[in-house]
Q: 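Take this structure, written in structure tokens, and hold onto it; I'll ask about it next.
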Amino acid sequence: MIDNYSPSTEKYSENYQIDKPEEACGVFGIYAPEEDVAKLTYFGLYALQHRGQESAGIATFQGEKIYTHKGMGLVSQVFNESTLQQLPGNIGIGHTRYSTTGSSRIINAQPAVVDTPLGPLALAHNGNLVNTVELREELIKSGCYFNSTTDSEMIALAIATEVKTGKSWLEAAISAFHLCQGAFSLTIATSEGLMGVRDPQGIRPLVIGTLENINPKRYVLASETCALDIIGAEYLRDVEPGELVWITEKGMASFHWSQKPQRKLCIFEMIYFARPDSRMEGGSLYSYRLRIGRQLARESFVDADMVIGIPDSGIPAAIGFSQESGILYAEGLIKNRYVGRTFIQPTQHMRESGIRMKLNPLKDVLEGKRVIMVDDSIVRGNTSKKIVKALRDTGAKEVHMRISSPPVTHPCFYGIDTDNQEQLIGATKSVAEIAEQIGVESLAYLSWEGMLKSTEEDPNSFCSACFTGNYPVPLPEKLKRSKLMLENPIQV
Ligand code: AMP
């Protein structure tokens with residue numbers, strides 16, 4: 001649906017609940033007069049598809065007027081040439097939303113659009129706020145109505161509320177960000193300009209790029225550098241934790257809006273979530289993942305005939321493991337890269353064969369072999385168990401599992417979709433018990449120290465709460481109780 005902006009009509013009622021807040025989505029923004037911003041945003045989102053497959057949306061501004069299009073599904077399903085042509089303008093933002101259960105509804109697709117006395121505002125959010133209960137109460141007191149059940153709309157409404165008091169876009173945005181606690185990397189479009197913002201910890205990534213050789217400069221904002229590469233934009237720098245960049249016809253201005261920025265980039269972005277060809281902190285994530293594979297081999301060598309990686313996320317670490325150990329790297333599992341979400345349930349027989357819809361083991365490679373299988377993480381343990389069974393059914397003689405991160409013992413409240421603590425196998429079982437449950441000869445995880453040392457950065461500049469329970473942004477009691485179920489999770 002293409003719709004010009006229409007103001008919120010749905011009134012808050014007591015039954016109105018926040019669904020699951022936004023998860024690790026993808027955000028994009030562009031300020032580029034004379035360029036086809038809708039098309040460039042489309043390709044930016046296309047590169048960020050791995051960050052969210054549930055819904056996608058683009059909002060553009062032409063003068064005072066906003067144009068939006070959002071839909072459920074993949075970027076390529078939501079947009080076509082004709083829908084993109086109906087998104088004119090020189091400023092655009094876009095969003096891909098992560099798939100979560102319970103909140104799969106078009107009303108929650110982003111960008112969130114709200115009306116303000118200065119005109120409409122569109123906002124795309126990656127991360128989770130942790131103070132949504134308090135913030136919602138404040139907004140209701142100020143007379144806000146909600147169109148969606150997301151924390152992202154709350155940020156947009158908080159800015160709109162500040163604008164109502166007579167503030168400029170910048171002043172209003174900065175006041176609103178002071179009301180938000182948790183993780184937020186944002187792209188915000190107004191008729192006047194484009195904003196890129198990170199929370200004081202910079203938990204989720206956000207980078208700035210420029211479209212080269214054009215004067216005045218055209219700026220691009222994106223969750224990851226892979227979205228700059230796809231449109232030929234050059235990486236300029238990261239938006240810093242606690243920074244707001246404001247891009248208008250005058251160029252780009254920077255505001256450090258937080259008194260106490262302290263970088264705590266999510267280490268899970270580095271290990272798993274972000275694309276390996278994206279660059280964070282100077283180097284490609286592919287290189288980081290090779291290094292953690294090498295470190296893993298130093299920490300937990302085992303003699304075997306071959307090392308295989310679980311496609312795609314386990315492959316760089318498996319290659320690193322092979323390089324360090326001298327054990328041959330081989331492809332043992334082939335992934336069907338065209339498997340997306342299907343709403344057709346497999347047959348009972350197919351269900352029993354489990355993982356093979358997506359991954360198929362290679363019998364001639366694996367039969368009779370002692371295999372080291374490397375993956376990036378174990379969360380609930382279901383995936384590994386199915387893959388190990390598939391390897392054994394194919395004739396692997398021994399299966400040794402190596403994980404290029406420590407055990408996940410704590411849920412994430414800042415935007416990675418992890419279960420309640422009691423569903424996290426690393427929180428309830430010892431390494432020996434997990435090995436037995438997933439059916440391997442041996443299992444070893446990367447140490448927490450090894451994971452941080454391999455970043456070649458200050459170890460204090462990362463959030464690793466999912467491995468330690470040390471949450472850098474304090475959590476309200478009620479929120480803690482919602483997911484932190486165990487008094488004594490297992491710590492290895
Ligand atoms: P499981 O142990 O069955 O929960 O699955 C773990 C696998 O899922 C690992 O191979 C990861 O590559 C992948 N994974 C880890 N975290 C997530 C996440 N938040 N969302 C989707 N997949 C994930």
Side-chain angles (χ1 to χ4, degrees), residues 20-26 48-54 96-104 126-128 183 203-204 223 266-276 285 289 292-293 296 308-318 321 332-333 335 337 339-341 351 354-359 373-391 399 401-429 431 433-440 443 445-446 451 463-467 483:
K20 237 167 152 183
E22 290 312 295
E23 303 288 350
C25 310
L48 297 173
Q49 187 70 83
H50 62 290
R51 298 185 70 85
Q53 299 91 43
E54 184 186 82
T96 57
R97 185 160 194 261
Y98 193 80
S99 156
T100 57
T101 45
S103 59
S104 179
N126 171 206
N128 279 4
I203 293 175
R204 301 275 145 241
S223 295
C266 167
I267 192 85
F268 210 67
E269 291 270 357
M270 311 253 304
I271 289 167
Y272 166 73
F273 203 75
R275 258 172 57 164
L285 295 185
R289 291 172 194 176
I292 49 181
L296 186 60
I308 66 167
I310 297 186
D312 292 317
S313 50
I315 288 177
F321 195 107
L333 291 158
K335 182 173 173 177
R337 288 177 206 283
V339 167
R341 291 172 72 186
R351 241 197 305 272
I355 206 76
R356 287 189 195 196
M357 244 173 76
K358 215 177 199 176
L359 294 175
M373 173 174 118
V374 179
D375 202 1
D376 60 89
S377 57
I378 300 180
V379 182
R380 285 157 306 155
N382 299 337
T383 312
S384 332
K385 190 173 175 179
K386 286 181 191 163
I387 298 174
V388 172
K389 181 172 181 309
L391 295 192
V399 182
M401 182 136 195
R402 295 293 179 269
I403 304 295
S404 63
S405 64
V408 175
T409 53
H410 289 74
C412 178
F413 293 89
Y414 310 130
I416 296 282
D417 181 28
T418 34
D419 285 310
N420 291 335
Q421 197 175 23
E422 58 191 13
Q423 261 110 47
L424 301 174
I425 196 170
T428 56
K429 290 189 160 56
V431 174
E433 287 166 335
I434 300 170
E436 198 184 327
Q437 177 159 331
I438 63 178
V440 286
L443 167 68
Y445 289 86
L446 181 65
M451 168 185 80
C463 173
S464 58
C466 52
F467 306 120
K483 273 182 152 189

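None of these values were measured; they are calculated from a predicted model. Order of listing sets the numbers, starting from 1, for every ligand and every atom in it.
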Q: With a cutoff of 4.0 Å, is Ile378 in contact with ligand 1, counting heavy atoms of the residue only?
A: yes

Q: Where the side chain of Ser313 meets the backbone of Tyr272, is there a donor-acceptor pair that is under 3.5 Å apart?
A: no

Q: Just verifying a value: how many Å separate Asn126 CG and Arg51 CZ, rounded to the nearest 0.5 Å?
A: 4.5 Å

Q: Using a plain distance cutoff, I'd like to know if Asn382 has any nitrogen or oxygen under 3.5 Å from a nitrogen or oxygen of ligand 1.
A: yes

Q: Take atom 4 (O) of ligand 1 and look for protein heavy atoms under 4.0 Å from it; say yes if you find one, no if not.
A: yes

Q: Within the structure, is a non-hydrogen atom of Phe268 found at a distance of less than 4.0 Å from ligand 1?
A: yes

Q: To check your reading of the model: name the closest protein heavy atom to atom 8 (O) of ligand 1, its residue, and the distance in Å.
A: Thr383 OG1, 4.5 Å

Q: About how many Å separate CG of Asp375 and CZ of Arg402, when rounded to the nearest 0.5 Å?
A: 13.5 Å

Q: Any donor and acceptor pair, going by atom type alone, linking the side chain of Arg289 with main-chain N or O of Gly314 inside 3.5 Å?
A: no

Q: Of all heavy-atom pairs between Gln421 and Thr409, which one has the smallest distance, and what is that distance?
A: NE2-O, 3.0 Å

Q: Check Asp312 with Arg337, please: is the shortest side-chain N to carboxylate O separation under 4.0 Å?
A: yes

Q: Using a 4.0 Å cutoff against the non-hydrogen atoms of Ser313, which atoms of ligand 1 qualify?
A: 12 (O)

Q: Tyr445 and Phe467: aromatic ring centres closer than 6.0 Å?
A: no

Q: Among Asp375, Asp417, Ile310, Ile425, which one has a heavy atom closest to atom 19 (N) of ligand 1?
A: Asp417

Q: How far is atom 9 (C) of ligand 1 from its nearest protein heavy atom, and which residue and atom name does that atom have?
A: Ser377 O, 3.3 Å

Q: Find the distance between CG (Leu359) and NZ (Lys335) and round it off to the nearest 0.5 Å.
A: 7.0 Å

Q: What residue and heavy atom of the protein are closest to atom 20 (N) of ligand 1, and at what distance?
A: Tyr98 OH, 2.5 Å

Q: Give me the nearest non-hydrogen protein atom to atom 12 (O) of ligand 1 as residue plus atom name, then the distance to 0.1 Å.
A: Asp376 OD2, 2.7 Å

Q: So if I apply the side-chain contact (heavy atoms from CB on, under 4.5 Å) rule between Ile403 and each of Leu446, Leu443, Asp376, which one comes out positive?
A: Leu443

Q: Any idea which protein heavy atom is nearest atom 23 (C) of ligand 1, and the distance to it?
A: Tyr272 OH, 3.3 Å

Q: Under 4.0 Å, heavy atoms only, figure out whether ligand 1 is touched by the backbone of Val379, its side chain, both or neither.
A: both

Q: Ligand 1 versus Ile416, non-hydrogen atoms closer than 4.0 Å: side chain, backbone, both, neither?
A: side chain

